[in-house]
Asks: 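Encoded as C-alpha cells, here's the structure I'll be asking about.
Basis for what follows: all heavy atoms, side chains included, without hydrogens, waters or symmetry-related copies.
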Amino acid sequence: PNLDADAKLFRAQPDKACMYVLPSSRVSTVTIFMDGKKAGTLGAGDYLRLDATPGSHVLYVMRPSPLPSFTREKKDDLTIAAEAGRCYYLRTAWRPVEEVLHEFRLYLEEVPASEGQREVNVRWLVPPEK
C-alpha cells in the first residue's frame with residue numbers, strides 16, 4: 001500500500017523518468033517488456049510504474065504465451081525518448097489485423113497525463129520485475 005500511495009504522487013526522481021503503464025478495458029492479462037526484458041504482468045485492475053534512466057527505451061506488450069516470439073509484431077513497439085524528471089503514461093490498445101477472422105494485435109499508446117493519472121488512481125500498483 002505504501003508503494004502504491006507513493007506512485008500515485010506522480011513524481012519522477014530528478015535523475016530518472018517514470019512510465020506508468022495501464023491496461024485497456026479490453027484486456028484480461030498482458031505482459032509488458034522494456035528494452036527486451038520483462039517488466040511486469042498486468043491484470044485489468046492493475047498498473048505498472050517503471051523508473052528509467054534518461055534516453056531511448058523500447059516498450060512492447062504481449063499476451064502471455066508459451067511461444068512469445070510468434071505473437072510479437074516489432075512494428076507495434078513504442079520508443080520513448082525519456083527525459084529525467086518527467087512522467088509518461090501508456091495504455092495497452094488493440095488494433096484489428098483481419099476483420100474477417102476478428103483477430104487483433106496488442107500495442108502501447110501514449111495518453112495525456114490527466115487521463116493517465118485518473119486511470120492510475122482507480123487501480124493497484126504491480127511491482128516491476130527485477
Side-chain angles (χ1 to χ4, degrees):
N2 289 341
L3 291 175
D4 183 63
D6 288 345
K8 288 178 178 170
L9 295 175
F10 307 109
R11 287 188 230 148
Q13 298 172 27
D15 61 336
K16 302 231 180 196
C18 67
M19 297 175 207
Y20 290 87
V21 185
L22 302 150
S24 72
S25 59
R26 296 179 65 167
V27 92
S28 54
T29 302
V30 293
T31 303
I32 307 298
F33 292 82
M34 183 167 76
D35 300 330
K37 296 179 183 158
K38 182 179 176 183
T41 300
L42 293 175
D46 302 329
Y47 73 93
L48 185 65
R49 178 187 159 127
L50 304 171
D51 293 312
T53 56
S56 183
H57 295 279
V58 177
L59 291 100
Y60 59 93
V61 59
M62 293 185 347
R63 288 181 266 190
S65 166
L67 303 169
S69 60
F70 292 108
T71 60
R72 178 175 168 220
E73 294 276 345
K74 285 192 174 199
K75 63 184 171 186
D76 293 330
D77 291 359
L78 177 64
T79 301
I80 299 284
E83 297 175 23
R86 183 167 172 212
C87 292
Y88 300 84
Y89 301 88
L90 313 170
R91 177 178 50 216
T92 62
W94 296 84
R95 176 180 300 136
V97 175
E98 179 128 7
E99 293 294 331
V100 176
L101 300 176
H102 301 291
E103 183 182 343
F104 293 86
R105 269 203 328 267
L106 200 52
Y107 68 100
L108 287 168
E109 63 182 3
E110 195 164 354
V111 296
S114 59
E115 184 179 337
Q117 289 175 4
R118 188 173 51 251
E119 289 189 36
V120 164
N121 279 324
V122 297
R123 290 181 164 78
W124 291 102
L125 175 69
V126 172
E129 300 268 327
K130 294 290 179 189

Asks: Can any side-chain N or O of Y20 pair as donor or acceptor with the backbone N or O of K8 at less than 3.5 Å?
Replies: no

Asks: If you round to the nearest 0.5 Å, how far is CD of E109 from CG of L78?
Replies: 9.5 Å

Asks: Below 4.0 angstrom, N of the basic side chain to O of the carboxylate: do D51 and R49 qualify?
Replies: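 Looking at R49 together with D51, the answer is yes, because their closest N to O distance falls below 4.0 Å.
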
Asks: Taking the side chain as every heavy atom from C-beta outward, state whether W124 and D4 have any pair of such atoms under 4.5 Å apart.
Replies: yes

Asks: Compare all side-chain heavy atoms of V58 with those of F33 and state whether any distance is below 4.5 angstrom.
Replies: no

Asks: Do V30 and T41 have side-chain heavy atoms sitting under 4.5 Å apart?
Replies: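 A side-chain contact is absent here, since even the closest heavy-atom pair is not under 4.5 Å.
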
Asks: Between E129 and K37, does any side-chain N to carboxylate O distance fall below 4.0 Å?
Replies: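 No, this pair does not count.
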
Asks: Hey, quick one: are F10 and L90 part of the same hydrophobic cluster, counting side-chain heavy atoms closer than 4.5 Å, chains of contacts allowed?
Replies: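 The answer is no; the residues belong to distinct hydrophobic clusters.
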
Asks: Around atom CG of N2, are there more than 12 heavy atoms from other residues, nucleotides or ligands closer than 6.0 Å?
Replies: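 For N2, atom CG is not crowded (no more than 12 foreign heavy atoms under 6.0 Å).
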
Asks: Taking atom types as modelled, find out whether Y89 and Q117 have a side-chain donor-acceptor pair closer than 3.5 angstrom.
Replies: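 Yes.
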
Asks: Could you tell me the separation between the CD atom of Q13 and the SG atom of C87, rounded to the nearest 0.5 Å?
Replies: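 Rounded to the nearest 0.5 Å, the CD-SG separation comes to 10.0 Å.
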
Asks: Determine whether L22 and T92 make a side-chain contact, defined as any pair of heavy atoms from C-beta on separated by less than 4.5 Å.
Replies: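 When only atoms from C-beta onward are counted, T92 and L22 do not touch, as no gap falls below 4.5 Å.
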
Asks: Would you say the side-chain atoms of Y47 pair up with the backbone N or O of L42, donor to acceptor, closer than 3.5 Å?
Replies: no

Asks: So, E115 and R91, do they make that salt bridge, N to O below 4.0 Å?
Replies: yes

Asks: Please examine the side chains of R123 and D46, heavy atoms only from C-beta on, and report whether any two atoms are closer than 4.5 Å.
Replies: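 No. Closest side-chain heavy atoms not under 4.5 Å.
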
Asks: Supply the atom-to-atom distance M34 CE to I80 CD1, rounded to the nearest 0.5 angstrom.
Replies: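 Output value for this atom pair is 10.5 Å.
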
Asks: Just wondering, do E83 and Y88 contact through their side chains at under 4.5 Å, heavy atoms?
Replies: yes

Asks: L59 versus D77: any side-chain heavy-atom pair under 4.5 Å?
Replies: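 The answer is no; the side chains never approach within 4.5 Å.
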
